[in-house]
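A single structure is presented below for examination.
Quick note on labels: first sequence line is chain A, next is B, and so on, each numbered from 1.
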Amino acid sequence: MSDDSAVAIEGLSVRYGAIQALDDVALELREGQLLALLGPNGAGKTTLLSALLGLLRPDGGQVRVFGHRPGSLPARCLSGVMLQNSGVPELLSAAELIDQFRSYHNDAMAREAVIELAGIESLADRRFATLSGGQKQQVLFALAIVGRPRLLLLDEPSNGMDINARARLWRTVQAMRDEGCAVLLTTHYIEEADRLADEVILLDRGRILAQGSPNQIKSRLSGSEIRFRTRMGLKKLQTMLGEVQFEFSSDRCRLISATPERLLASLLQADPELTDLEVRPVSLEDALSSLTLEHAA
Amino acid sequence: MNTLTAPLPSSGHGLDPRRMAGALGHEALGEWRNLVRMPAFSIPTLLFPVGFYAMFAIVLPFADTTQAAATLLVNFTIFGVFAPGLFAFGVGLANDRDEGWLRLKQTAPLPIPVMMIARMLVAMVFALAVVVALFAVAATAGGVRLERSAWLILAITGVLAVIPASAIGMALGAWMKARAAIAIVNIAYLGSAMLSGLWFPLHLMPDPVQSIAPALPPFHLAELGRHATGLEAGSLAVSLSWLACVTIIAAALAMPGLRRQERK
Amino acid sequence: MMKTWILSIALISALVAGWLLLPVPSHSDTDTNADGDVREQWPDGDFTLTAARVFTGTEWLEPGWIEVRDGRISRVGESFEADPDLPMIDLGDRTVLPGLIDAHVHAFGTALTDALNFGVTTVLDQATDGEWARQLRQASAGARYFSSGPPATAPGGHGTQYGYTPPKVRGPEDAGEFAETILDGGSDWMKIIIERGTGDWQVPSIDQETVDALVKAANDVDLMPVAHVSELETAHWAIDANVHGLVHVFADQPADDALLENMAADDRFVIPTLVAMEGVAGTVAVDHHSDERIAPWLSGEQRASLTQRWPGARNETLRKRAIKNTRAMYAAGIAILAGSDAPNPGTAHGLSMHREMELLVEAGLSPHEALVAATFLPAKHFGLDDRGLLEPERRADLLVIDGDPREDISATLSIHAIWQGGRPVKRVLTLEETVADVPEHGRMSEFRIDEAKAGFGLGWSATDDNMAGGESTVEMQPDGDDARAWIRLTGEIRSGFDWPWAGAMFFPGDQPMAPVDLSAFETLRFKARGEPAGLRVMAFSPALGAMPATQTIEIDSEWRDFELSLDEFSGADLAAISGIAFVAGPELGPYQFDLADVILE
């Protein structure tokens, strides 16, 4: 564990009855680092977050937040948390909620600063109940940063936010990261993770499948994505592509190849009337789905 | 200097004790706003006891003697003050758990007991409002005449009755789903009020009811009220210790419910 | 922050103020419950009680213990082992007395409950209609009732002016039949009225011979004869005829030794009724307005009789002589019995027994002897051997008071509890009636063009001196114009009464002359105009008797505003004003005036 470790998890296991929600998970999050936690539903993201917040007691392993037990008062003081589907008293206004949360901290941000950072200037006096899903997320984000946390835990923060709100959110998160705040983020906007995260962890069925910078993850899957329309039938494609996996529906085909040049040559030879051809580098999303598919196979 | 992220404190974590009072105040203020803005809570809480009291004591001729007038006031005071704590915790806590508010609070640096105390204080304010409304009706139309000290002690009893009511509400709210809680807390509330003789004199009730009453907290709260107003009542020590027992047991039952592990 | 503090302080102040405004039991007694009832939850019939002092009717137990079973006393002592099965009442530093026995009343209306409300558990009615007596004997509530039934008096004599006709006693020949008649009617003793009147008031009276015959007839049917006398001479007739007691002390002249010796020798008694004498003498001295022990508990009838006055001037001599004769009788060893003669003017059922005891102490009895006179002696002389004394077998008629009446006899008014036949008595608090009388605003007039409407009370009526024997006339007519409505009083002041008057009278109470507390007001304002003359404004108050306090103003044909300070109605008790009159006179001749916008401020 390094000196600037914000979160240190070793051998974390959580079991719900027969289901192994987390299985021997280890990770470290350092100050100033933005870690994106990715994985399909049921992969164990929320369980990991709950363990990190002390909301559940793990069956094995150790979790430390700045060296403190998760859920302990010092750990809570240093963390800003934004959970999925957090209800708050719906009859209070955003400003009232922010004031209430400000009172929990010794050295909270000024209300106006929080409101500006969360981009909710126009919402501050509206009751929570009257806000849209994305606006509610913005208010919850405000509550998370109110105490100037050293560790920011964000569970699908941008869910439902419009494009401006999302931009504001990431600007603030990045600014905080730049000031040394450790950020743990779960998101299903993979391009966000791609763009923002220093490190990505792919979680599936309680295990870490892959870990590294977005580029490292991507490089695990060298090659390109190829899309085209063809008159070839499924059978012909199968014989032609051999081991290469592909998606096919009516006349559209999508595949990922490590040797795109060779494959393209044979494709064009087999069907000179091939249309709408696209070739591009593989995305993180592709990399992840290919990784999870691989893992499942 | 960092503005978005505070420096790591070198030693000592947690909320500064000086700020704790402020946090309690804000917490209570939030609770208060939420409850007063919720007509489903605030209106029945205030109007039911006053309405029922007015019906029994003024419209119907049940307050025909001094004792009867005082008895009715005591009964409906207890009936009235038992609700805020019971519902704020019983229904409120179940709601907070369902909605994730409690989870968010558990991740915030506010000790959970502070949140509970704040909620109890707000319930006490509601109880005081009930007391004020009932006393006003009793004094002007209910023909109740009590010594000043008796009025005061009855009011204090009414406000402190929020403590056992909150503990019981907490035990219910910590374990139940919000939707079930509304029904069950209502049944518990009205049932225990009825069985404790708050609505109709116990001696008019069937024998089994009469034997159940001494187990019910509202009965003992009414006993305290009767002591306060010089009406005939059983042992003060028994009532106080039974209420203390119920409060401690209920709070103890609530704890594991609040700490329950997440299931997903 | 400042705002929060101010708000908090305001809220707390409001709560404290609200708390201070909450109604408390009017009785100062700490454990008397609301409405002044006395512990109706206290045990009924069977219980043990103890108090620092118990007066049995003849002696003092300090402390005293009383055990009651089935409404009767079963044990009395300075201490005994209490039956653990009986409820125990510790009355602490209080005094338990036998329920008081008023040896001279005339009961009708609410007399019995009024008496009981002041701790008088038994009354002895000295002359009434036979049928009334029969009904009162069966009354379920109030003091227990014993009665002489109709009195023996001369046709048209004293006692015939009260709305019933006693059997005729024209002379000795009627005595036997009279005795039989009242015996059949249920009389408990015989009352003989020997009254010839005094001064201008002359009435026929039975003569000495008839007295003799009546006493003999009474003895024949085993009724105890007692006599009403008001003169030394007729007292001699009665005592010579062997009546057992006199139901008044006479005050025409000092008692002579012969009478005193005769009375003392044969164990006769006298019921001086000094409180009634005080009424006759016009020296009534009971504070029924502010005394917390009295004011809240008075019924309308008690208040009425208390504030009623005999006509005529104060007569200190009469009062002095009555006291002096009582003192002489007491000194001679004659049994003195307490009786009030309520509801004669200046007296009230129940209440006046307490005053009578004070007057007996003034006449020389010790407080202890005054208490004996109010409990044991009436029971003894009227043969009521089931009460008047706290001893086994007698009824548990108990009066519990704060303090020690031997130190101050008026302590008997500080009533803590009353039991009658072992049943706790719920005292009736009447204060609220009085309070309700206090008008919320002072708008005496809310005149309309066609109506002499009042803002409160019974309101406005024409008044003139006819009731006092005068011949003045008055007519009251509501009228008005665009600016205001008024009442117009027209008529003529005629001679016929020394102080002739006629005009308008405002009654603040809900009945004529019912006193109302107007002490919240300071000023009487009104507009008046009329034929230029003096106009008198008069305030009537029981404290002044029949003579009102008067202020005079000058009016002319223009509307003018007048403002009178209520304090200037000298002698009037603002806490009890029974009427305010605006009258012309005493100059003779026709008059006319208009009155508008009459308001108390």
Backbone N/O of G147(A) and side chain of R102(A): donor-acceptor pair under 3.5 Å: no
field: Heavy-atom proximity to chain B below 4.5 Å, by part of L152(A)
entry: neither
message: Looking at L110(B), is its backbone amide N or carbonyl O close enough to the side chain of R76(A) to form a donor-acceptor pair, meaning the two atoms are under 3.5 Å apart?
response: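 At least one qualifying donor-acceptor pair exists.
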message: Looking only at heavy atoms and a cut-off of under 4.5 Å, which of G71(A), P89(A), P70(A), G54(A) has the most pairs with chain B?
response: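 Looking at each option in turn, the highest pair count goes to P89(A).
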message: Whether the side chain of Q135(A) engages the backbone of S132(A) through a donor-acceptor N/O pair (distance < 3.5 Å, no angle test) should be reported.
response: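 Looks like yes, one N/O pair under 3.5 Å.
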- request: Determine the option with the most heavy-atom pairs under 4.5 angstrom with chain A, choosing from K105(B), E31(B), E27(B), M38(B).
  value: E27(B)
- request: Would you please indicate yes or no on a ring centroid separation below 6.0 angstrom for Y189(B) and F87(B)?
  value: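 Between F87(B) and Y189(B), the centre distance is under 6.0 Å.
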- request: For each of L153(A), L91(A), L151(A), tally heavy-atom pairs with chain B at distances under 4.5 Å, and name the one with the top tally.
  value: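 Ranked by contacts with chain B, first place is L91(A).
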